[in-house]
Amino acid sequence: MKPLSLLIEILIILGVTIKTIKAEEHNKRQKERNVTTQVSVNEIKQYLSHILEQRTSSNVINKRENLLEKKKNQRKIRIKGIQNKDILKRNKNHLQKQAEKNFTDEGDQLFKMGIKVLQQSKSQKQKEEAYLLFAKAADMGNLKAMEKMADALLFGNFGVQNITAAIQLYESLAKEGSCKAQNALGFLSSYGIGMEYDQAKALIYYTFGSAGGNMMSQMILGYRYLSGINVLQNCEVALSYYKKVADYIADTFEKSEGVPVEKKALHYFLKAAKAGSANAMAFIGKMYLEGNAAVPQNNATAFKYFSMAASKGNAIGLHGLGLLYFHGKGVPLNYAEALKYFQKAAEKGWPDAQFQLGFMYYSGSGIWKDYKLAFKYFYLASQSGQPLAIYYLAKMYATGTGVVRSCRTAVELYKGVCELGHWAEKFLTAYFAYKDGDIDSSLVQYALLAEMGYEVAQSNSAFILESKKANILEKEKMYPMALLLWNRAAIQGNAFARVKIGDYHYYGYGTKKDYQTAATHYSIAANKYHNAQAMFNLAYMYEHGLGITKDIHLARRLYDMAAQTSPDAHIPVLFAVMKLETTHLLRDILFFNQFTTRWNWLKLDNTIGPHWDLFVIGLIVPGLILLLRNHHG
């Protein structure tokens with residue numbers, strides 16, 4: 001029995017198990033139901049893992065060939081009376097090709113049905129139905145369906161995360177030339193998740209994935225060459241990778257038909273428009289311009305509502321009229337009219353109109369090309385996050401059009417566009433997985449985004465790793481990997497990550513204790529990002545001469561700066577300064593000369609311990625509480 005055939009049965013068993021549990025809700029106690037569910041899921045995990053581990057990957061990939069071979073063997077019967085062997089051979093070949101085509105077509109249809117169900121799914125049950133269709137399509141040798149199933153096993157999309165099984169499928173798919181599988185294996189190798197930690201092998205996988213057109217691999221390579229991660233830092237190479245992905249994203253945005261609007265939403269828009277809402281009028285116009293499930297595309301109706309909104313000075317309405325004239329939809333194409341409406345909307349700060357103005361000057365649509373004006377409007381629109389404006393700015397910096405060429409600036413802008421891709425949806429699924437207690441699934445998703453260069457994902461992955469709640473990495477590898485991710489996030493400007501690096505070196509987490517390096521990172525966070533925590537930590541190190549020259553005056557100043565920077569630092573700073581002043585007052589009162597001071601101070605260290613200052617704080621706090629109580633009494 002082939003593994004994917006069994007996988008279908010397993011998913012059916014999962015569905016039956018869930019239905020059975022629901023049917024027994026009124027007959028059994030909640031505790032018993034929870035235990036039953038857990039056992040069922042565990043059994044499925046073990047069963048799935050056992051099947052896939054016992055079979056070679058070739059059995060999965062060669063499913064189609066095996067079936068055809070079986071049919072071929074069945075037809076190996078002596079046919080008496082037929083003299084023309086060429087005709088027989090041609091008939092056999094025709095039957096084989098027809099069988100293969102039917103088999104392939106059925107697998108493709110099942111895969112497409114699965115995609116449709118998944119896109120329209122609003123419940124876990126519907127998602128499970130989609131993956132059941134993928135499993136059936138995969139069983140028929142559909143490579144895209146196999147990729148879906150491998151992803152589901154890796155990320156736990158249908159409730160059963162099995163990284164070992166996922167790797168087996170990815171390795172099989174990689175042999176078939178799947179660039180998506182190449183990317184996945186590169187990711188797993190780069191973290192040592194289920195595979196040997198091997199950055200050189202990860203780079204090879206990513207290179208093959210990129211060559212096959214996988215955009216995740218291209219983003220990862222772009223980020224690696226930008227940051228010099230296991231490759232020589234090379235801005236131009238990074239630019240070439242990021243541009244490929246950004247071109248695709250920009251094309252997607254240009255063809256985008258907007259967010260689907262339900263009929264219920266249209267009802268409220270119409271109601272608001274009747275009440276005089278200009279924004280509602282403009283959005284109704286946008287809906288008719290684009291066409292969706294709620295309303296049919298209608299340029300005349302779009303013009304009507306845009307005109308109503310524009311008459312009230314609404315920027316979206318003005319921009320809508322500009323679009324109609326620019327594309328000649330429902331009205332004669334008129335660049336002069338389009339320019340007029342775009343300018344009015346841009347003056348009101350509407351970023352889409354600012355972009356359209358920039359594009360007109362950039363492309364010379366109906367007017368003379370003016371790259372300086374194009375840059376001006378692209379820049380204004382980019383400040384509001386308009387993605388196409390950011391893309392065209394990157395294009396201008398990459399080619400030196402209208403501005404001095406800057407590879408670094410172009411890469412950073414292209415990177416921002418690339419990070420708007422559909423893969424960013426994993427942030428949401430990773431968050432909910434973490435919230436639901438599925439730490440391993442959450443970590444895998446955040447880690448993949450981190451590998452692609454998302455700074456937030458790098459911080460989130462590091463946070464999960466240092467909590468040591470995940471089970472997909474060995475415990476001793478978690479701090480070193482977290483430190484690596486904190487480093488990457490810090491390089492991208494995350495101040496909190498910079499403080500964390502200082503902490504790791506101060507305490508020796510995932511690396512050797514190094515006060516000097518800790519102080520360096522605290523200094524960067526304090527001076528560059530004005531981080532209060534870094535100021536406080538640095539003040540403490542100056543107070544005690546840890547990794548840097550002891551300087552009491554600088555310690556006092558940094559404590560004060562921390563308190564001024566963040567209200568949350570007021571109380572810690574108060575106690576720290578009280579301790580500092582008290583200990584130095586004791587020094588001045590009790591010790592008269594340098595020799596006596598040094599001897600007695602050393603004696604105090606030996607008697608109470610090296611952290612005797614904490615003991616002093618312990619004395620100060622109760623005294624302060626007593627004083628406050630007496631004052632209020």
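From a predicted model like this one, the values you see are computed outputs, not experimental measurements.
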Ring centers of [X], [Y] separated by less than 6.0 Å:
| X | Y | result |
| --- | --- | --- |
| F342 | H319 | yes |
| Y191 | Y197 | no |
| Y391 | F253 | no |

Within the 3.5 Å criterion, strictly below it, is a donor on [X] or [Y] matched to an acceptor on the partner's side chain?
| X | Y | answer |
| --- | --- | --- |
| S190 | Q199 | no |
| E147 | S178 | yes |
| S459 | N494 | yes |
| D352 | Q386 | yes |
| Q218 | K243 | no |

Can you list, pair by pair, the side-chain donor-acceptor contacts under 3.5 Å of residues 204-215, counting residues two or more places apart and other chains?
{"unit_1": "Y206", "atom_1": "OH", "unit_2": "G186", "atom_2": "O", "d": "3.4"}
{"unit_1": "Y206", "atom_1": "OH", "unit_2": "F187", "atom_2": "N", "d": "3.1"}
{"unit_1": "Y206", "atom_1": "OH", "unit_2": "E451", "atom_2": "OE2", "d": "2.9"}
{"unit_1": "T207", "atom_1": "OG1", "unit_2": "L203", "atom_2": "O", "d": "2.7"}
{"unit_1": "N214", "atom_1": "OD1", "unit_2": "M216", "atom_2": "N", "d": "3.1"}
{"unit_1": "N214", "atom_1": "OD1", "unit_2": "S217", "atom_2": "N", "d": "2.9"}
{"unit_1": "N214", "atom_1": "OD1", "unit_2": "S217", "atom_2": "OG", "d": "3.4"}

Pair R408 + E412: basic N to acidic O under 4.0 Å: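 Answer for the salt bridge query: yes.
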
Electrostatic pair D108:K144 at N-O distance under 4.0 angstrom: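 Result for this pair is no, no salt bridge flagged.
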
K340 charged N/C atom sitting above Y325 aromatic ring, 6.0 Å / 45°: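 Ring-cation test returns no.
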
Within residues 290-311 or reaching into it, pairs that qualify as ring pair (Phe, Tyr, Trp, His ring centres under 6.0 Å) - sequence neighbours excluded: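 Qualifying pairs: none.
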
Qualifying residue for side chain to side chain contact (heavy atoms under 4.5 Å, CB included) with S441, from I439, D438, V444: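 For S441, the side chain to side chain contact (heavy atoms under 4.5 Å, CB included) test succeeds with only one of I439, D438, V444, which is D438.
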
For [X], all residues meeting side-chain contact (heavy atoms from CB on, under 4.5 Å), sequence neighbours excluded:
| X | value |
| --- | --- |
| E236 | N234, L239, R405, C407 |
| N460 | Y446, V456 |
| S121 | L118, Q126, K127 |

Close side-chain approach of Y454 to M452, heavy-atom, < 4.5 Å: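 Yes, close enough: below the 4.5 Å cut-off.
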
Heavy-atom check, side chain of F111 versus side chain of L133, under 4.5 Å: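 Sidechains of L133 and F111: no contact.
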
Flag, side chain of Q458 to backbone of A489, donor-acceptor distance under 3.5 Å: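 Yes, the answer is positive, given that a donor and an acceptor are paired below the 3.5 Å cut-off.
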
Expected list for residues 356-363: side-chain donor-acceptor pairs under 3.5 angstrom, two or more places apart:
{"unit_1": "S363", "atom_1": "OG", "unit_2": "F359", "atom_2": "O", "d": "2.7"}
{"unit_1": "S363", "atom_1": "OG", "unit_2": "S365", "atom_2": "OG", "d": "2.6"}

Plane angle bin for W486 and F496 - parallel if under 30°, tilted between 30 and 60°, otherwise perpendicular: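 Perpendicular, since the angle between the ring planes exceeds 60°.
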
